[in-house]
**Student:** 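Mind looking over this structure? Questions follow.
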Amino acid sequence: MGEKDAKGEGSAKHSEAVKLRRLSDHERTAGGGDGNKHSAKSTKPTEKSDNRRSHKKVKTPKMEPADNHSESVKQEPVDDDFAAKKKGVKRKRIKDEPMEGPSHSTSAPTSKKKNKQHGQEEESGGEAQKKKPKKKTEKTVKKEEGEHSAPKKPKKTKEEIEEARQLKIKKKEEEEQNRWRWWEEEKYEDGVKWKFLEHNGPYFPPEYQPLPDNVNFYYGGKKVKLSVTAEEVALFFAQMLDHEYTTKKVFRENFFKDWRKEMTHEERSLIQNLDKCDFGEIHAMHKAKVEARKNMTKEEKLALKEANQKIVDEYGYCLLDHHKERIGNFKIEPPGLFRGRGEHPKQGMLKKRIQPEDVIINCSKEARVPVPPAGHHWKEIRHDNTVTWLASWTENIQGSIKYIMLNANSKLKGEKDWEKYEVARKLKLCVDDIRNQYHQDLKSKQMGTRQRAVALYFIDKLALRAGNEKEEGETADTVGCCSLRVEHITLHEELEGSKYVVEFDFLGKDSIRYYNKVPVIKKVFKNLNLFMENKQPGDDLFDRLNTNMLNKHLSSLMAGLTAKVFRTYNASITLQQQLKELTNKSDNEAERLLAYNRANRAVAILCNHQRAPPKTFDQSMANLQAKIEARREQLELAKTELKQAKKEAKTKGSSDSKLQTLVERKKAAVKRCEDQLLKMEVQATDREENKQIALGTSKLNYLDPRISVAWCKNMEVQVDKIYNKSQRDKFAWAIDMTEADFVF
DNA sequence: TTCCTGACTTAGCATTGCCCCG
DNA sequence: CGGGGCAATGCTAAGTCAGGAA
């Protein structure tokens, strides 16, 4: 395997590189920046789009929401992805799998308070959800708490605080009790996602409220009273005036075009130039509103909060197979101006208001159908239990479908997540073979095969995304592995002491720049040279390859294998390795957590998960440094005092118990100071290293939670030190089932 | 075979919530 | 006892991937 190892050290380089990699906001979007970065930049849409692959998809009239909504229930073909379809196969999948080693403890239930009534194999069929008693209690408790703490604000007595604490604990336990332990149940047959589904439909944003009479729009200096429709769109723009979006040409043009579509004839003939429009008063009103909201009294805020809670209670949950589940996004997206990421050709377009008539409802036949808002009806009622969505509508910018789906802590999402990690673990078992294979393929006579091999090499080594082709002009110009163009890489026979270096510079998902210099093996390098022969910068690097072919190939090597599985696999395995490497039993908790974050960070760097440095970063860093400095002085002082005390104790004879205790006390003080200092220093390091790296994405989407849970157990760290509440909810299955000996 | 689209995951940024400090 | 600052949550855009039509 040889070069896989490069990854380890690679990641060190990597981390240096990461600084370079991030583009500041304007660089990112403008693709401008300073000269040296030729490729990704100079090639911006304008000049490049012309020579961009001619064979690329050409936009065809899309949209047309295909009005053929039949009442059909899709027939799911028998696929064979993950672990052979179990029709009623027990769900201890891990055990079923030929897992390595003695330690596939995975599915063994942890002790905790619940000793599942099933050893492992039993729990004979049936959808069975025996446990899960009272569901309601949860709410009651919450209410109670509200009534308790809110009215008596004066000052909390000790008892009250204690009481609140107890309540919290109780609530937590209750929640735990109520949790649907779906991972102990049997899986449904193929393709069936649920047997019963009932919900109240999506929540619609409030109607537009016309502007008050004292707020006006002006055109060419003259007051113009707009129609309600045009006014609403004008407000969308006015609200964004502080944002630099509204200064961009494309944004303004798209907005203006769409705005004019919403105008009456008269308005349209009057308003011909956006520059002559004055949204000042509207903008000011909006700012005032924001300000007013900030300055609401406690009572007002509370009232608002309660109103929101009511909405959540009514629309935020559904009933799925006898269990109440939280819905992830139960609100219909409000209208507004589309804000794409990066240099999006459609930025500024009007995102229309969705009406019930646009919405398809999905629920079971037996369920109560949600009531549409008064005077409205749904587009369609569907009963399709092979999908997981509760409602959907077609969005007007890209013509794609938006869905209302369940929260990440739901069975439907959790199960899928678990499955994802199981597939990745399966890859672990055959990854060596697959690597050997693509190394062989690098020498293939078939150009297509060679390209596939090189692409796979990148995907495996660099965790690149697959890179589907995109329609030109519909989205920002971004690429993944298979869609890389010649202009995105530069070959260096030798660079900075390494041979055969490939320099990548392209915009990936969300227009985040990927910049990396990677030494590759000679065969890969030579192949790249070959692929680039006689091509223009705008041509596809892998002209004989697309994601479909690649994935077809992969799935022939292993059931369920696709390009993104490599990302999951490499992310998780990296975490596991790094944790092993970086943590010591002898560390204190702060150091252990730093180690964990560093391991997490290594993955984030691998996956190129970036973030804009927080606006207040420098300031807060300085604050922290100041605090550290202060603490350091305090430590010095404490040390001096300790010395003093010791001296005194010595001179006065050690028999003096008072002095002895003083010495002890001073010692303790020093120790405390040291600990705190260390903790803060560690924190500072952590924060600095994290400046432009986002840990959340990998934690949430790529790292098998069982690795983290097992690490916590081994290191005696509380799980809630690494997972917040919603993460613990999402990973409840892993927290529940994972033992210390889990190995990915 | 290619195209198209539906369904679902992954992504970063914006907003909100909450804790701690002065 | 407000407000600054960060963490948590919300939002929705932008990917992946596969099935089925053309």
Side-chain angles (χ1 to χ4, degrees), chain A residues 25 28 55 57-58 60-66 74-77 79 81 153 155 193 243 290 293-295 298 301 304-305 308 328-334 336 338-342 344 346-347 351 360 362 384 386-389 392 394-395 397-403 405-408 412-413 416-417 420 465-471 474-476 478-483 508-512 546-552 554-555 560-565 567-568 607-612 614-617 619-620 623-624 627 687 694 696-698 700-702 723-727:
Chain A
D25 263 5
R28 234 209 256 181
H55 56 285
K57 291 195 177 187
V58 178
T60 44
K62 197 188 206 179
M63 275 283 23
E64 292 323 292
K74 289 198 199 150
Q75 221 46 333
E76 183 97 341
D79 68 328
D81 69 13
K153 50 184 132 201
K155 67 186 76 135
K193 304 292 171 47
H243 203 290
V290 170
R293 186 143 25 110
K294 247 192 342 214
N295 294 330
K298 271 221 168 81
K301 278 186 185 160
L304 197 64
K305 203 173 161 186
N308 281 331
N329 57 326
F330 57 88
K331 290 179 176 166
I332 295 278
E333 293 172 16
F338 177 77
R339 310 149 79 114
R341 315 247 168 98
H344 198 118
K346 297 193 171 182
Q347 62 190 114
K351 185 166 124 170
I360 303 173
N362 192 32
D384 183 353
T386 67
V387 296
T388 67
W389 51 269
S392 71
T394 302
E395 152 266 358
I397 303 288
Q398 309 285 3
S400 63
I401 309 173
K402 298 271 189 161
Y403 302 92
M405 288 183 185
L406 295 185
N407 188 277
L412 252 22
K413 295 287 187 190
K416 204 71 189 301
D417 211 34
K420 172 181 77 187
R465 296 187 184 83
N468 284 311
E469 57 254 77
K470 306 167 68 182
E471 280 171 57
E474 293 294 298
T475 62
T478 63
V479 297
C481 186
C482 293
S483 49
K509 183 176 178 180
D510 292 319
S511 294
I512 296 291
N546 62 38
T547 52
N548 218 301
M549 296 157 67
L550 179 66
N551 281 332
K552 277 213 173 106
L554 289 174
S555 68
L561 186 61
T562 63
K564 88 188 182 86
V565 176
R567 247 166 106 81
T568 311
C607 294
N608 198 37
H609 291 143
Q610 301 188 27
R611 63 168 183 171
K615 289 187 193 67
T616 55
F617 185 86
Q619 182 57 53
S620 81
N623 290 157
L624 189 56
K627 269 164 81 180
R687 201 184 290 178
T697 304
S698 48
L700 232 46
N701 299 302
Y702 289 103
Y723 287 143
N724 67 33
K725 174 85 174 81
S726 49
Q727 292 164 341

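When reading the values below, keep in mind they use all heavy atoms of this one structure, side chains included, and skip hydrogens, waters and symmetry mates. These figures come from a predicted structure and were not determined experimentally.
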**Student:** So, using side-chain hydrogen bond (donor to acceptor under 3.5 Å, both in side chains) as the criterion, who are the partners of A:K420 when residues are at least two apart?
**Tutor:** A:D417

**Student:** Return the 5'-most residue of the pair A:G340, A:V565 with respect to DNA chain C, ranking by each residue's nearest nucleotide.
**Tutor:** A:G340

**Student:** Separation of A:N701 atom CG from B:dC8 atom P, in whole Å?
**Tutor:** 17 Å

**Student:** Please assess A:K470 against A:T478 for the test side chain to side chain donor-acceptor pair (under 3.5 Å), listing each intermediate value before the final yes or no.
**Tutor:** CA-CA 9 Å; A:K470 306 167 68 182; A:T478 63; 2.6 Å; yes

**Student:** Taking the nucleotide of DNA chain B with the closest heavy atom to each, which residue, A:N546 or A:R567, is nearer the 5' end?
**Tutor:** A:N546

**Student:** Round to a whole Å and report the spacing from NZ of A:K470 to P of C:dC17.
**Tutor:** 15 Å

**Student:** For the residue pair A:T386 and A:K193, what are the closest heavy atoms and their distance?
**Tutor:** O-NZ, 3.1 Å

**Student:** Nearest nucleotide by nearest heavy atom, which residue falls closer to the 5' end of DNA chain C, A:I332 or A:G467?
**Tutor:** A:I332

**Student:** Starting from P on C:dA8, measure out to OH on A:Y723 and report it in whole angstrom.
**Tutor:** 14 Å

**Student:** Does A:K305 have any side-chain hydrogen bond (donor to acceptor under 3.5 Å, both in side chains) partners at least two apart in sequence or in another chain, and if so, which?
**Tutor:** none

**Student:** What is the minimum heavy-atom distance between A:A694 and A:Q610, and which atoms define it?
**Tutor:** CB-O, 3.9 Å

**Student:** Considering only side-chain heavy atoms of A:T388, which listed nucleotide, C:dC17, B:dA14, B:dC8, is closest?
**Tutor:** B:dC8

**Student:** With a 4.5 Å cut-off on side-chain heavy atoms, are A:L700 and A:Q727 touching?
**Tutor:** yes

**Student:** CD of A:E469 versus P of B:dC4: gap in Å, rounded?
**Tutor:** 11 Å

**Student:** Without decimals, in angstroms, what is the distance between A:I401 CD1 and B:dC8 P?
**Tutor:** 11 Å

**Student:** Report the residues that fulfil side-chain contact (heavy atoms from CB on, under 4.5 Å) with A:N546, sequence neighbours left out, ordered by chain and then residue number.
**Tutor:** A:E469, A:N548, A:M549

**Student:** What's touching nucleotides 9-11 of chain C from the protein side, N or O pairs under 3.5 Å?
**Tutor:**
from	atom 1	to	atom 2	distance (Å)
C:dT9	OP2	A:S726	OG	2.4

**Student:** Is the shortest side-chain N/O distance from A:T547 to OP1 or OP2 of C:dC17 below 4.0 Å?
**Tutor:** no

**Student:** Phosphate oxygens OP1/OP2 of B:dA7: is one of them under 4.0 Å from a side-chain N or O of A:K416?
**Tutor:** no

**Student:** Should the pair A:W389 and A:Y403 be assigned to parallel (<30°), tilted (30 to 60°) or perpendicular (>60°) ring geometry?
**Tutor:** tilted

**Student:** What nucleotide, of B:dG6, C:dC17, B:dG12, holds the atom closest to the side chain of A:A466?
**Tutor:** C:dC17

**Student:** Starting the side chain at C-beta, find the nucleotide from B:dC13, B:dA7, C:dG15 nearest to A:K509.
**Tutor:** C:dG15

**Student:** Could you check A:N548 against A:D417 and say which one's nearest nucleotide on DNA chain B is further toward the 5' end?
**Tutor:** A:N548

**Student:** Counting only side-chain heavy atoms from C-beta out, which of B:dA7, C:dT12, B:dC13 sits nearest to A:K351?
**Tutor:** C:dT12

**Student:** Does OP1 or OP2 of C:dG15 have a side-chain N or O of A:T478 closer than 4.0 Å?
**Tutor:** yes

**Student:** Are A:K346 and A:E474 close enough that some pair of their side-chain heavy atoms sits under 4.5 Å apart?
**Tutor:** yes

**Student:** Which of these nucleotides, C:dC17, B:dC8, C:dA18, is closest to any side-chain atom of A:N468?
**Tutor:** C:dC17

**Student:** Excluding sequence neighbours, so at least two apart, what forms side-chain hydrogen bond (donor to acceptor under 3.5 Å, both in side chains) with A:K351?
**Tutor:** A:E333

**Student:** Would you indicate which nucleotide in C:dA18, C:dC6, B:dA11 comes nearest to any side-chain atom of A:R687?
**Tutor:** C:dC6

**Student:** On a plain distance test, is the side chain of A:K413 in donor-acceptor contact with the base of B:dT9 below 3.5 Å?
**Tutor:** no

**Student:** Just N and O in the side chain of A:H609: are any of them under 4.0 Å from OP1 or OP2 of B:dT10?
**Tutor:** no

**Student:** At 4.0 Å (heavy atoms only), tell me whether A:G480 reaches a base, stays on the sugar-phosphate, or touches nothing.
**Tutor:** nothing

**Student:** Would you name the heavy atoms of A:Q398 and A:H344 that are closest together and state the gap between them?
**Tutor:** NE2-NE2, 3.2 Å

**Student:** Indicate whether OP1 or OP2 belonging to B:dA7 is found under 4.0 Å from a side-chain N or O atom of A:S392.
**Tutor:** no

**Student:** Send over the distance from A:Y403 OH to C:dA14 C1', rounded to a whole Å.
**Tutor:** 14 Å

**Student:** A:R293 has a side chain; which of B:dC13, B:dC8, B:dT16 sits nearest to it?
**Tutor:** B:dT16

**Student:** Axis-to-axis angle across the helix from B:dT1-C:dA22 to B:dG22-C:dC1, five pairs an end, to 10 degrees?
**Tutor:** 0°

**Student:** Over how many whole Å does the gap from A:R339 atom CZ to B:dT15 atom C1' extend?
**Tutor:** 12 Å

**Student:** Considering only C:dA13, B:dT10, B:dC8, which nucleotide approaches the side chain of A:W389 most closely?
**Tutor:** B:dC8

**Student:** Between B:dT10, C:dC17, B:dC8, which nucleotide has the shortest distance from any of its atoms to the side chain of A:Y702?
**Tutor:** B:dT10

**Student:** Checking contacts here: which listed nucleotide (C:dT12, B:dT10, B:dG6) is nearest the side-chain heavy atoms of A:K564?
**Tutor:** B:dT10

**Student:** In whole Å, what is the span from the NZ atom of A:K402 to the P atom of C:dA14?
**Tutor:** 9 Å

**Student:** Side chains of A:T388 and A:L406, heavy atoms from C-beta outward: is any pair under 4.5 Å?
**Tutor:** no

